[in-house]
Amino acid sequence: MSFGNQGARVWRKTGEKEMPKCLKSSVKYPQSVMVWGAMSAAGVGPLCFIKGRVNAASYQEILEHFMLPSAEKLYGDEDFVFQLDLAPAHSAKTTGKWFTDHGITVLNWPANSPDLNPIENLWDIVKRKLRDARPNTLDELKAAIEASWASITPQQCHRLIASMPRR
């Protein structure tokens with residue numbers, strides 16, 4: 001078995017097509033979860049598992065209960081610039097007011113450029129680490145995501161942040 005861009009491939013000999021050792025079970029509708037996480041050049045903050053859809057009000061709750069503690073952990077009293085994408089909940093006027101009220105500078109970000117955001121590269125690293133986990137339940141999936149996230153080193157985060165100027 002090998003992994004390529006199109007998923008797993010299985011090599012087998014003629015006549016082995018239906019042998020149990022050559023078959024792999026799959027799930028038609030796999031478990032999924034929406035996750036919010038923060039990173040800086042100093043490392044990662046805690047994860048937030050999100051239930052339902054994200055609107056401006058729920059995003060501001062995430063910022064209050066997860067981003068602010070992450071910023072405290074990662075920056076202490078130092079000033080920082082927060083980077084987000086332009087999802088509707090992120091760019092809502094009430095969210096902008098939340099940032100202003102909390103004295104947080106937000107990076108001016110070009111539309112349609114999520115590939116430039118270093119956290120997208122970090123999520124890719126997390127997903128690659130999850131490839132072999134094969135969780136069967138939502139709790140197993142969350143535990144695997146948390147373990148993968150916890151294994152991210154400050155050095156990995158620093159490299160991703162440092163790559164921004166050349167991109």
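Atom set for the values below is all heavy atoms of this structure, side chains included, hydrogens, waters and symmetry mates excluded. Sequential numbering from 1 along the given sequence is applied to the chain's residues. All figures in this text were calculated on a predicted structure; none of them were measured in a lab.
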query = Distance-only, no hydrogens or angles: does the T95 side chain make a donor-acceptor pair with backbone N or O of A89 under 3.5 Å?
reply = yes
ask   = With sequence neighbours left out, what residues match W149 under ring pair (Phe, Tyr, Trp, His ring centres under 6.0 Å)?
value = W123
Minimum heavy-atom distance A87-D85, with the two atoms named = N-OD1, 3.1 Å
task = Could you tell me whether the side chain of H102 and the main chain of W98 form a donor-acceptor pair under 3.5 Å?
result = yes
query = Does CG in D101 sit with more than 12 non-hydrogen atoms of other residues, nucleotides or ligands closer than 6.0 Å?
reply = yes
query = Shortest non-hydrogen contact from M39 to I119?
reply = SD-CA, 3.6 Å
query = Counting only N and O atoms by type, is there a donor-acceptor contact under 3.5 Å from the side chain of E120 to the main-chain atoms of N117?
reply = no
key: All pairs passing ring-ring contact (aromatic ring centres under 6.0 Å, His included) where residues 37-69 contributes a residue, at least two apart   = Y59-H90
query = Does I125 share a hydrophobic cluster with L74, counting links as ILVMFWY side-chain heavy atoms below 4.5 Å and allowing steps through other members?
reply = no
ask   = Would you say the side-chain atoms of E72 pair up with the backbone N or O of L68, donor to acceptor, closer than 3.5 Å?
value = no
key: Closest non-hydrogen atom pair, H158 against A41   = CB-O, 3.6 Å
key: Shortest non-hydrogen separation from V35 to L47 and the atoms involved   = CG1-CD2, 3.7 Å
message = Assess the residue pair S148 and I145 against the criterion (side-chain contact (heavy atoms from CB on, under 4.5 Å)); give the C-alpha distance rounded to whole Å, side-chain angles, the decisive distance to 0.1 Å, and a yes or no.
response = CA-CA 5 Å; S148 178; I145 292 169; 5.7 Å; no
ask   = Is it the case that one hydrophobic cluster holds both M34 and L84, taking links as side-chain heavy atoms less than 4.5 Å apart, direct or via other members?
value = yes
query = In terms of hydrophobic clustering (I, L, V, M, F, W, Y; side-chain heavy atoms under 4.5 Å; direct or indirect links), are Y75 and M67 co-clustered?
reply = yes
inquiry  = With clusters defined by side-chain heavy atoms of hydrophobic residues (ILVMFWY) lying less than 4.5 Å apart, directly or transitively, does W36 cluster with L141?
reply    = no
query = Which residue, D124, L130, V126, forms the side-chain contact (heavy atoms from CB on, under 4.5 Å) with R128?
reply = D124
Residue pair M164 / P118: nearest heavy atoms and the distance that separates them = SD-CD, 3.3 Å
remark   = Smallest heavy-atom separation, S70 atom then G45 atom, equals OG-CA, 3.6 Å
remark   = Rounding to 0.5 Å, atoms CG (L160) and CD (Q155) come to a distance of 12.0 Å
Donor-acceptor contact below 3.5 Å, side chain K73 vs main chain V44 = yes
query = side-chain contact (heavy atoms from CB on, under 4.5 Å) between F80 and S40: does it pass, once the steps are laid out?
reply = CA-CA 9 Å; F80 64 94; S40 79; over 6 Å; no
message = Could you go through L63 and F82, starting from their C-alpha distance and side-chain angles, then the distance that decides it, and tell me whether this counts as side-chain contact (heavy atoms from CB on, under 4.5 Å)?
response = CA-CA 11 Å; L63 294 172; F82 188 75; 4.1 Å; yes
request  = Starting from the C-alpha separation in whole Å, work towards a yes-or-no answer on side-chain contact (heavy atoms from CB on, under 4.5 Å) for K129 and I152.
outcome  = CA-CA 10 Å; K129 290 181 179 205; I152 300 296; 4.2 Å; yes
Euclidean distance, N55 CG relative to Q60 CD, rounded to 0.5 Å = 8.5 Å
V81 reachable from F99 in the ILVMFWY side-chain graph, under 4.5 Å edges = no
